[in-house]
K.L.:
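Before I ask anything, let me first share the structure, which is written out below as structure tokens.
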Amino acid sequence: MIDEEKNKDGMLWYQLKRAVPTGLFCKNHPDTELNRFTHPASINYDPLIHGELTSDGLQLSSMAFCKKCDLEGVYQIKQQSSAEIKANEDFLNKSKYGKYSLLKTQSLVGKKSLWFARFNTFKANELEERNVLNQAQRIAREYTQGQRFNTVFVGGAGRGKSHLAMAILQEVNENLKDNKFSTFFINISELIREIKNSWNYSDTKAEEERLTTLMRTVDLLVIDDLGTESTFSKDNSWVQGVIYNIYNAREGNTIITSNLTGKEMRSSYDDKIVSRIMEGSKNSVVKFEGITDKRKSK
């Protein structure tokens, strides 16, 4: 008969066998190293989301555990709240109001002034400004009508790309609020910052999984400021992996804004990512040319 008694640290023998030290230490018990645990790979295993398998072909738990916290019942308390978490997820993903409210409750916009971005608040005094406004309004109508395609807004900083991208989301979100249609705005710098900040906690993958799952599954997505110099480089394989994984899972209905030209984009990103970005955007690449920096003209 197998002995399943706990050792002096309070861990069962099979837990010890599956434990993998992380090199990180518990905030509540600084002398105790956190462990992750191996388990058979899940059917939806994705190396970009869940990390590489172990040499034995096993998947590691996304959450790291402290054996002393376990003895104190900390994880049992967390488990008790899982039903509430599931209910919140179902509300956002399945209910009509949940999907409608997702834009304002879950988006990472960076500049708070973007919440006031509408077509009627976009200053279009010059011909070029009226041209991009008209194209954005056309794109919003086509998304509302159920057409599926990608959109690319390119041009210098301060030309109004983010404003019109948000205006499209606001318009479509209002028009389709009774259709269980979801919209989501994510500034790329805020995304990277949010994910990296979450690495300070024991469950290092939870926030990354939550955000990237939203980005893969939402009905209409804006990825704002793609190519931000402070967060991207040619050798940043982790960031590029996140972006590729999102685009690879989506079938159109993705809007990006970027300061990069096509040539700059190809020099900054893997060819597969550029191909995915441009795929399905033949008639919806909007160039913000001949427009002055609106931030300087205020």
K.L.:
Side-chain contact test, heavy atoms from C-beta onward, threshold under 4.5 Å: evaluate it for Asp219 versus Val172 and give yes or no.
P.N.:
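Counting from C-beta outward, Asp219 and Val172 never come under 4.5 Å.
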K.L.:
Mind running side chain to side chain contact (heavy atoms under 4.5 Å, CB included) on Thr254 and Tyr247 for me, showing each step along the way?
P.N.:
CA-CA 8 Å; Thr254 306; Tyr247 258 96; 3.4 Å; yes
K.L.:
Can Leu102 be reached from Leu176 by stepping across I, L, V, M, F, W or Y side chains whose heavy atoms are under 4.5 Å apart?
P.N.:
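Not linked; separate clusters.
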K.L.:
From Asp225 CG over to Asn259 CG, what is the distance, rounded to the nearest 0.5 angstrom?
P.N.:
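Asp225 CG to Asn259 CG: 5.5 Å, rounded to 0.5 Å.
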K.L.:
Would you say Gln137's side chain and Phe119's backbone share a donor-acceptor pair under 3.5 angstrom?
P.N.:
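Not confirmed, Gln137 side chain does not pair with Phe119 backbone.
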K.L.:
Please confirm whether the backbone N or O of Met215 pairs with a side-chain atom of Arg250, one donor and one acceptor, at under 3.5 Å?
P.N.:
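Such a contact is found between Arg250 side chain and Met215 backbone.
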K.L.:
Which residues pass the side-chain hydrogen bond (donor to acceptor under 3.5 Å, both in side chains) test with Glu142, not counting sequence neighbours?
P.N.:
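Result, side-chain hydrogen bond (donor to acceptor under 3.5 Å, both in side chains) vs Glu142: Arg138.
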K.L.:
Under the 3.5 angstrom rule, does the side chain of Tyr143 hit a backbone N or O of Phe149 as a donor-acceptor pair?
P.N.:
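Pair found, side chain donor or acceptor close to backbone of Phe149.
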K.L.:
Does Ile168 reach the side chain of Val222, with side-chain heavy atoms less than 4.5 Å apart?
P.N.:
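They are not in contact (no side-chain heavy atoms under 4.5 Å apart), so the answer is no.
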K.L.:
Could you pull out all residues at least two apart from Ser281 that satisfy side chain to side chain contact (heavy atoms under 4.5 Å, CB included)?
P.N.:
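Ser281 satisfies side chain to side chain contact (heavy atoms under 4.5 Å, CB included) with Asn150, Val152, Met278, Ser284, Val285 once adjacent residues are dropped.
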K.L.:
For the side chain of Asn253 and the backbone of Leu220, is there at least one donor-acceptor N/O pair under 3.5 Å apart?
P.N.:
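No: the side chain of Asn253 does not pair with the backbone of Leu220.
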K.L.:
Quick one: closest heavy-atom pair of Gly23 and Glu33, and the distance?
P.N.:
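Here Gly23 and Glu33 meet closest at N-OE2, 2.7 Å.
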K.L.:
Is it possible for you to say whether Phe185 and Ile188 belong to one hydrophobic cluster, with membership spreading through side-chain heavy-atom contacts below 4.5 Å?
P.N.:
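Result: no, two separate clusters.
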K.L.:
Any donor-acceptor pair under 3.5 Å linking the side chain of Arg159 with the backbone of Ala157?
P.N.:
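At least one qualifying donor-acceptor pair exists.
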K.L.:
Distance-only, no hydrogens or angles: does the Ser258 side chain make a donor-acceptor pair with backbone N or O of Leu226 under 3.5 Å?
P.N.:
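Yes, Ser258 side chain to Leu226 backbone: donor-acceptor pair under 3.5 Å.
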K.L.:
Counting distance only, does the side-chain N/O of Thr213 pair as donor-acceptor with the main-chain N or O of Glu209 below 3.5 Å?
P.N.:
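Yes: the side chain of Thr213 pairs with the backbone of Glu209.
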K.L.:
Give, for atom CG of Leu34 and atom CG of Leu24, the distance between the pair rounded to the nearest 0.5 Å.
P.N.:
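Interatomic distance, Leu34 CG to Leu24 CG, rounded to 0.5 Å: 6.0 Å.
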K.L.:
Does a donor on one side chain and an acceptor on the other come within less than 3.5 Å for Asn248 and Lys272?
P.N.:
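No, because no side-chain N or O of Asn248 sits under 3.5 Å from a partner of the opposite role on Lys272.
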K.L.:
Give a yes or no on this: more than 12 heavy atoms of other residues, nucleotides or ligands lie within 6.0 Å of atom CD of Glu251.
P.N.:
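Open.
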K.L.:
Got a second to check how far Leu114's CG is from Met166's CE, nearest 0.5 Å?
P.N.:
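It comes to 5.5 Å.
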K.L.:
Apply side-chain hydrogen bond (donor to acceptor under 3.5 Å, both in side chains) to Asn131 and list each qualifying residue two or more places apart in sequence or on a separate chain.
P.N.:
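Partners of Asn131 under the side-chain hydrogen bond (donor to acceptor under 3.5 Å, both in side chains) test: none.
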K.L.:
If we ignore hydrogens and angles and just use 3.5 Å, is the side chain of Asn245 paired with the main-chain N or O of Gly241 as donor and acceptor?
P.N.:
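No.
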K.L.:
Are any side-chain N or O atoms of Arg130 and backbone N or O atoms of Asn125, one a donor and one an acceptor, separated by less than 3.5 Å?
P.N.:
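It does hold such a pair.
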K.L.:
What distance separates Thr32 OG1 from Lys27 NZ, expressed to the nearest 0.5 Å?
P.N.:
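It comes to 15.0 Å.
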K.L.:
Is it true that atom CZ of Phe25 has more than 12 heavy atoms of other residues, nucleotides or ligands lying nearer than 6.0 Å?
P.N.:
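Yes, CZ of Phe25 has more than 12 neighbouring heavy atoms, counting only those of other groups under 6.0 Å.
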K.L.:
Considering non-hydrogen atoms only, spot the tightest contact between Asp271 and Arg266 and give its length.
P.N.:
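Shortest heavy-atom contact: OD1-O, 4.5 Å.
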K.L.:
Looking only at side-chain N and O atoms, does Thr144 offer a donor or acceptor that is under 3.5 Å from a partner on Arg141?
P.N.:
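No - no donor-acceptor pair under 3.5 Å links their side chains.
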K.L.:
Give a yes or no answer on whether the side chain of Lys161 reaches the backbone of Gly156 with a donor-acceptor pair at less than 3.5 Å.
P.N.:
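Yes, the answer is positive, given that a donor and an acceptor are paired below the 3.5 Å cut-off.
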K.L.:
Starting at CG of Leu164, measure out to CG of Leu169 and round the result to the nearest 0.5 Å.
P.N.:
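Interatomic distance, Leu164 CG to Leu169 CG, rounded to 0.5 Å: 11.5 Å.
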K.L.:
As an exercise, state the distance from CZ of Phe116 to NZ of Lys111, rounded to the nearest 0.5 Å.
P.N.:
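The CZ atom of Phe116 sits 14.0 Å away from the NZ atom of Lys111.
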K.L.:
Would Leu214 end up clustered with Ile192 when hydrophobic side chains under 4.5 Å apart are linked, directly or stepwise?
P.N.:
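Result: yes, single cluster for both.
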K.L.:
Counting C-beta onward and ignoring hydrogens, is there a side-chain heavy-atom pair between Lys104 and Gln170 closer than 4.5 Å?
P.N.:
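Contact flag for Lys104/Gln170 side chains = yes.
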K.L.:
Run the salt bridge (charged side-chain N to carboxylate O under 4.0 Å, His left out) test against Lys177 and tell me which residues pass, sequence neighbours left out.
P.N.:
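Lys177 satisfies salt bridge (charged side-chain N to carboxylate O under 4.0 Å, His left out) with Glu174 once adjacent residues are dropped.
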K.L.:
Given the rule that I, L, V, M, F, W and Y join up when any side-chain heavy atoms are under 4.5 Å apart, are Leu211 and Tyr244 in one cluster?
P.N.:
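Yes, one cluster joins them.
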K.L.:
Tell me every residue that passes salt bridge (charged side-chain N to carboxylate O under 4.0 Å, His left out) with Glu129, counting only those two or more places apart in sequence or in another chain.
P.N.:
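Scan of Glu129 (salt bridge (charged side-chain N to carboxylate O under 4.0 Å, His left out), adjacent residues dropped) gives Lys294.
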K.L.:
Answer with yes or no whether the hydrophobic clustering places Ile186 together with Ile277; edges join I, L, V, M, F, W, Y residues whose side-chain heavy atoms lie under 4.5 Å apart.
P.N.:
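Yes, same cluster.
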K.L.:
If you compare all heavy atoms of Phe153 against all heavy atoms of Ala136, which two are closest, and at what distance to 0.1 Å?
P.N.:
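Reported closest heavy-atom pair: CZ-CB, 4.3 Å.
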K.L.:
How would you list, by chain and number, every residue that makes a side-chain hydrogen bond (donor to acceptor under 3.5 Å, both in side chains) with Asp224, sequence neighbours excluded?
P.N.:
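Scan of Asp224 (side-chain hydrogen bond (donor to acceptor under 3.5 Å, both in side chains), adjacent residues dropped) gives Ser162, Asn187, Thr257.
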